[in-house]
Amino acid sequence: MPLFHIAFYRFVALPDADTFADHLRHLTRDLTGSVLVAEEGVNGVLAGPAPALDAFEAALTADARFAGMVFRRTACTTPPFARMKVHRKPEIVAVGRGGGEVMAGTAVSPEAWRDLMGRDDVVVLDNRNAFEYRLGHFKGAVDPGVHNFRDFPEYVEAHAAQWKAEGRRVAMYCTGGIRCDKTSGWMAGLGLDVLRLDGGILNYFERLPDAARDWDGECFVFDNRIALDTHLQETGTTPEDVYAGDPADAWRLARARRLDAAG
């Protein structure tokens with residue numbers, strides 16, 4: 001049967017996170033992928049045939065806490081994952097900074113985002129790792145040059161005063177939206193006017209058939225497909241294409257090779 005990939009997340013209070021993680025292990029028994037569960041919510045990527053994914057989505061959204069949750073689905077040529085794992089974590093996105101509500105600032109639709117990118121009073125900030133930016137990014141976006149997401153706050157702290165003095169808003173984006181949602185409250189607490197691309201890069205590609213006019217390169221994804229083009233199709237990009245040449249990412253390349261060898 002044809003294979004599909006879904007990505008989903010929601011920030012919601014889960015005081016029963018341990019029990020809920022066990023429940024997810026049951027719901028995902030016929031799928032592959034990874035789901036992170038914490039008291040702040042759930043973040044997952046899964047793969048399988050459409051009927052199995054449909055059943056999972058129906059079962060999860062039967063819980064009122066996840067009603068209406070968005071599942072972004074794309075077709076696969078390469079199986080994205082080799083196994084299934086549900087992880088119980090302290091956070092579903094580790095930022096390394098406390099304080100601030102998630103999903104603060106203003107969520108911007110893909111259509112409105114296109115208009116924002118050309119404005120002089122807006123800093124378009126890539127909220128991803130440096131290797132992701134190198135592979136592909138919105139034209140004119142700023143690369144914070146970080147090698148781990150936990151380094152992102154340091155870049156923001158170093159530039160926040162300048163952006164405020166210049167009267168510039170910060171329009172940030174990431175792959176699926178979760179990293180921006182998590183950091184937006186903290187950034188707003190620094191006095192920044194924060195804008196975030198609703199649904200991230202993948203939603204932009206899905207909603208705008210001509211997304212290539214605003215995007216250079218490909219979009220990295222954290223699974224065996226490696227990268228997608230602006231039509232959400234797999235490319236021929238390899239881990240060597242992504243990581244080789246930067247000593248700081250040597251460990252990522254080694255890990256990718258180990259996972260590939262493990263099947």
Closest approach of [X] and [Y], non-hydrogen atoms and distance?
X    : Y    : value
V86  : R25  : O-NH2, 3.1 Å
A212 : T230 : CB-OG1, 3.7 Å
F131 : D249 : CB-OD2, 3.5 Å
A141 : Y173 : CB-OH, 3.4 Å
C180 : M172 : O-CE, 3.3 Å
L24  : T28  : O-OG1, 2.8 Å

Any donor-acceptor pair under 3.5 Å linking the side chain of [X] with the backbone of [Y]?
X    : Y    : value
K164 : L190 : yes
D229 : L232 : yes
H159 : Y155 : yes

Is there a chain of hydrophobic side chains (I, L, V, M, F, W, Y, each step under 4.5 Å between heavy atoms) that links [X] to [Y]?
X    : Y    : answer
L60  : I92  : no
V102 : M69  : no
V93  : L14  : no
L197 : L202 : yes
Y204 : W215 : yes

Practice item. In sequence, state the C-alpha distance, the side-chain angles, and the governing distance for F81 and S34, and then conclude on side chain to side chain contact (heavy atoms under 4.5 Å, CB included). Key: CA-CA 8 Å; F81 313 105; S34 175; 5.6 Å; no
Euclidean distance, [Y] [atom2] relative to [X] [atom1], rounded to 0.5 Å:
X    : Y    : atom1 : atom2 : result
E166 : D120 : CD    : CG    : 11.0 Å
C219 : H137 : SG    : NE2   : 12.5 Å
C174 : N127 : SG    : CG    : 5.5 Å
M117 : D214 : CE    : CG    : 4.0 Å
W163 : L192 : CH2   : CG    : 7.0 Å
M103 : I178 : CE    : CD1   : 10.0 Å

Less than 4.5 Å apart, side chain to side chain, heavy atoms only: is that true for [X] and [Y]?
X    : Y    : result
E206 : R72  : yes
D198 : W113 : no
T106 : R196 : no
E40  : K182 : yes
H147 : N129 : no
V242 : T237 : yes
P15  : E39  : no
V35  : N43  : no

**Study point:** More than 12 heavy atoms from other groups under 6.0 Å of NZ on K139
**Key:**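 Result for NZ/K139: enclosed.
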Review point. Would you say D121 has more than 12 foreign heavy atoms packed within less than 6.0 Å of its CG?
Key: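 For D121, atom CG is crowded (more than 12 foreign heavy atoms under 6.0 Å).
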Practice item. Anything under 30° is parallel, anything over 60° is perpendicular, the rest tilted; go ahead and classify F8 against F71. Key: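 Rings of F8 and F71: tilted, 30 to 60°.
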Review point. With under 30° as parallel and over 60° as perpendicular, where do the rings of F220 and F222 fit, or are they tilted in between?
Key: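 Rings of F220 and F222: perpendicular, as their planes differ by over 60°.
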Exercise for review: Assess whether salt bridge (Lys or Arg N to Asp or Glu O under 4.0 Å) is satisfied between K89 and E91, documenting all intermediate values.
Suggested key: CA-CA 5 Å; K89 295 283 189 178; E91 299 175 274; over 6 Å; no
**Study point:** Charged tip of R114 within 45° of F138 ring normal and under 6.0 Å
**Key:**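 R114 over F138 ring: no.
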Charged N-O contact under 4.0 Å between [X] and [Y]:
X    : Y    : answer
D16  : R65  : yes
R73  : D54  : yes
D246 : R134 : yes

Point to revise | Test log, rule side chain to side chain contact (heavy atoms under 4.5 Å, CB included), inputs E57 and I6 | key: CA-CA 10 Å; E57 292 179 15; I6 61 170; 3.6 Å; yes
Point to revise | Verdict with supporting geometry, D126 and R179, salt bridge (Lys or Arg N to Asp or Glu O under 4.0 Å) | key: CA-CA 10 Å; D126 194 308; R179 283 180 274 189; over 6 Å; no
Point to revise | Sole residue of T74, T235, T78, T77 in side-chain hydrogen bond (donor to acceptor under 3.5 Å, both in side chains) with R225 | key: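 Exactly one candidate clears the test, T74.
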Check your understanding: For D181 and S184, does a side-chain donor sit closer than 3.5 Å to a side-chain acceptor?
Key ->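 No pair is found: no donor N or O on one side chain lies under 3.5 Å from an acceptor on the other.
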Exercise for review: Quickly, which of Y9, F20, F11 forms a ring pair (Phe, Tyr, Trp, His ring centres under 6.0 Å) with F66? Name it, please.
Suggested key: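 Of all the options given, the one that passes is F20.
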Exercise for review: Evaluate side chain to side chain contact (heavy atoms under 4.5 Å, CB included) for V142 paired with V124, printing each intermediate quantity in order.
Suggested key: CA-CA 6 Å; V142 174; V124 179; over 6 Å; no
Exercise for review: Just do the side chain to side chain contact (heavy atoms under 4.5 Å, CB included) check on V108 and L116 with the steps written out, would you?
Suggested key: CA-CA 9 Å; V108 179; L116 272 179; 3.8 Å; yes
